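Note that this is a predicted model, so its numbers are computed, not measured.
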Amino acid sequence: MGRSVNYKISPTPSVSQPWSTAKEGEEKSEGSEEGTIVDGHFENKHGIHWIIVAILIVGEMAGGGLVALPSSMVDAGIYAGAALTIISAIFSGYTGVQLGENWLMMQERWSDYRHACRKPYPEMAYRALGGWGRVAMSILISVQQFCLSVIFLLLASNNITSLLFDLFSWKLNFCYIALIVTVVLLPLLMLGSPKDFWQAALIAVVSTSTAIVLIFIGAAHDQEECMKEPDYPAVVFEKFFLAYGTIMFAYGGHACFPTFQHDMKKPQDFSKAVILGYVVIIIMYLPISIYGYLVYGGSLSSGSIIPSLQLNWVQTAVNILITLHVVFTEIIVISPLALNLEELFRIPNKFGIRRVILRTIIMFCVLFMALSIPKFGPIVDLVGGSSVTLMTMVLPGIFSLSLVAGKRKRDLKLLNGEVTRSEEDNELPSFFEVLKLNKPWMLLLNLVIIAFGVFGGVASTVSAVNELITTSWDVPCYVQIFMTGGLSFSGDGGLVNCCGLYKNVTTVDVPVGEAFCAACPLYFFILSERA
């Protein structure tokens, strides 16, 4: 048993700590009440268990990555794709643990981080790089989480549109569905921080796990016929780096990690949550990606494995489950963006009319962007290759090297009597001090990961920009209404991405003359059946 000491956190920061979320005379905010120091580590009396945090990690990342990763195997090839998936998991898992260690160092050196902090990642940037780092990180997180929110809203709305047609033959445009989803989500978005809605992550994890089982059932049913005429496209250089962007998108949860850790009862256990979360995620990702590619091959090029499933009830059930996951993930993803802006506009860290107004504006801005850019595939590659790569592969290592060097520099000055403990601890290490004060193997490991992120991220971003330039964009919903007097059906009509070299191989009985395959002309399907 460790020695426990009651530790009362003051809601009023010292004059030298202007970055704190509490202001003089302000009522205590959520989570800023009582803490405990146990064996030198701060513990949040009202925090959440590390297993709950592992569920949040899986819940945030697994859904979108699950449906998109099999298509990355088409772009990268099965061997390179599998290797890239595993390497990215190892590197991003390591940098996730690094973020946790960075936050523990900050809580040890600066006591203000032991109470409510709505911008932990920007504060980490501030302590590692200075004031400009905080501003840059706040902007980066806001832009990334906004884009991710748009992607998840598009994915949920398109899935629901297809489901309504499959189940009830309702021909609706996804734009109407996006508006409905936004309104339904609004009340849930008013919850404070991840510790207030971890149940959403649990629902997301359960739905995704069930979807994986069903995808295996569907692929096993289609395997015999589809693998008679396999179509494994040759790897194209530019497409390979698009696969990198997709894979990085699948591991793009780091923006939320410091927020998760800050809400923990024992922040020092965050590494356990990351390890467990990543083990579960790789078990989800790798088998379904490899098996999906082997069975369906080139028919996965649409960006999702779901349309390739030919058993109707399986495809419908997976659609429902993934939609459920995506809807609840939207709540998790938008949280760092909301907390960031609430801090910027000095909105109290508790439920109130100002929170309601701001979060409503955020969600309707997300809706507006979704209605403006209906295709989310190219956006996934761009976000994955740029901001997600930065926050997942590049910045955690840079922050870690700087914070470790800064701590050792401070300790040396204390030891030599150059400073006293009462003096402000705000001095940053120089570039050469970072090289000198970090262990050589730590420098080498971090440089390898950073180089992997920079090279892959730049190449992926360039490929994604080229893809965006050549993509044929649909007219925004609000323009279509005035051009055509309404919005037409935007679903796929229940068509399937059939397998085989000509995308016309089916594994179910289809009446001659009935449309079934999305990429195969009707006359070709009729001729192939008659042959």
Could you tell me if the side chain of [Y] sits less than 4.5 Å from the side chain of [X], heavy atoms only?
X: Leu69; Y: Ser72; answer: yes
X: Phe399; Y: Leu129; answer: yes
X: Pro120; Y: Trp103; answer: yes
X: Leu395; Y: Leu140; answer: yes
X: Gln310; Y: Cys499; answer: yes

Restricting to non-hydrogen atoms, name the atom on [X] and the atom on [Y] that form the minimum distance, rounded to 0.1 Å.
X: Gln261; Y: Leu99; value: OE1-O, 3.8 Å
X: Cys517; Y: Thr506; value: SG-CG2, 3.7 Å
X: Thr329; Y: Glu60; value: CG2-O, 3.3 Å
X: Pro258; Y: Met124; value: CG-CE, 4.3 Å

May I ask you to decide if [Y]'s main-chain N or O and [X]'s side chain share a donor-acceptor pair within less than 3.5 Å?
X: Thr389; Y: Gly453; result: no
X: Gln145; Y: Ile334; result: no
X: Ser88; Y: Thr85; result: no
X: Ser460; Y: Gly245; result: yes
X: His325; Y: Gly59; result: yes
X: Thr95; Y: Met393; result: no
X: Ser400; Y: Pro396; result: no
X: Asp231; Y: Gly297; result: no
X: Thr246; Y: Leu242; result: yes

Would you mind telling me which of Ile322, Leu324, Thr316 makes a side chain to side chain contact (heavy atoms under 4.5 Å, CB included) with Ile320?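 Of the listed options, the one satisfying the test is Thr316.
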
Check the orientation of Tyr278 and Tyr251. Use parallel for under 30°, tilted for 30 to 60°, and perpendicular for over 60°.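 Parallel, since the angle between the ring planes stays under 30°.
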
Please find out if less than 6.0 Å separates the ring center of Phe260 from that of Phe270.
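Centroid separation for Phe260 and Phe270: 6.0 Å or greater.
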
Ring centres under 6.0 Å, that's the criterion: do Tyr232 and Tyr293 meet it?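 They qualify: ring centres under 6.0 Å apart.
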
Value rounded to 0.5 Å, distance of CG in Leu444 from CD1 in Ile449: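 Answer for the CG-CD1 pair, Leu444 versus Ile449, is 10.0 Å.
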
* From the options Phe249, Phe452, Phe455, select the one residue that forms a ring pair (Phe, Tyr, Trp, His ring centres under 6.0 Å) with Tyr244. =>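 Going through Phe249, Phe452, Phe455 one by one, the ring pair (Phe, Tyr, Trp, His ring centres under 6.0 Å) with Tyr244 is satisfied by Phe452 alone.
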
Restricting to salt bridge (charged side-chain N to carboxylate O under 4.0 Å, His left out), what partner residues turn up for Lys228, sequence neighbours left out?
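Lys228 satisfies salt bridge (charged side-chain N to carboxylate O under 4.0 Å, His left out) with Glu225 once adjacent residues are dropped.
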
Side-chain donor-acceptor pair present, Gln223, Tyr291, cut-off under 3.5 Å =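 A donor-acceptor contact under 3.5 Å links the two side chains.
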
